[in-house]
Amino acid sequence: ALYDVLIELQDEDYPAHPNPTVTSKSLRRAFAKMTKHQADYIMRKTVDYIKRKSTSVDLGLSDTVRVLSLLKVNVLRTTLVAQEIWDFLKASSNSEQSTTFASIMSGEEEEKDKAKHQLALLGRVAVGMPT
């Protein structure tokens with residue numbers, strides 16, 4: 001059956017189908033007992049196999065090593081950038097907290113609050129609102 005057809009097609013000395021291009025009609029000519037339905041089935045399955053094979057990517061060992069090394073480099077680079085951003089944000093946050101804490105401890109924050117309160121009072125007086 002199909003195995004016999006495969007063996008006859010692969011015979012190097014006397015191949016059943018010597019042409020490199022295979023059609024349903026040429027298969028029926030090469031194998032006299034093959035029906036049109038059988039030849040069409042073989043052609044359809046062959047086309048499906050070729051389509052599946054062409055969409056799959058065969059990676060060798062060297063390709064795999066190359067892809068993994070590129071992946072490692074990109075991960076390390078991304079980690080480094082993320083760490084730099086984290087350090088910057090942490091330093092920025094700490095400096096803002098330190099500045100606020102220092103101004104509170106020195107009494108500057110109270111002076112700012114008093115100035116804001118006085119400006120608000122002046123604004124109310126200017127508009128004619130009660131204080």
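- Between Thr46 atom OG1 and Arg44 atom CZ the span is 10.5 Å, to the nearest 0.5 Å.
- Pairing each heavy atom of Leu27 with each of Met43, the nearest pair is CD1-SD, 3.9 Å.
- Arg28 and Met34 get closest at one heavy-atom pair: CG-O, 3.9 Å.
- From Gln38, atom CD reaches atom NZ of Lys33 across 11.5 Å, with rounding to the nearest 0.5 Å.
- One finds the OG atom of Ser26 at 9.5 Å from the CZ atom of Phe31 (value rounded to the nearest 0.5 Å).
- With respect to the salt-bridge test (charged N to carboxylate O, under 4.0 angstrom), the residues Asp63 and Arg66 qualify.
- Nearest heavy atoms, Ala16 versus Ala30: O-CB, 3.2 Å.
- Side chain of Asp11 to backbone of Asp13: a donor-acceptor contact under 3.5 angstrom is found.
- Criterion: ILVMFWY side-chain heavy atoms under 4.5 Å apart, direct or through other members. Under it, Phe88 and Ile85 are part of a common hydrophobic cluster.
- Not counting sequence neighbours, the partners of Lys36 by the salt bridge (charged side-chain N to carboxylate O under 4.0 Å, His left out) test are Asp40.
- Atom CG of Leu68 sits about 10.5 Å away from atom NZ of Lys72, to the nearest 0.5 Å.
- For the atom pair OH (Tyr49) and CD1 (Ile42), the distance works out to 15.5 Å, reported to the nearest 0.5 Å.
- Atom CZ of residue Arg29 and atom OG1 of residue Thr23 lie 6.5 Å apart, to the nearest 0.5 angstrom.
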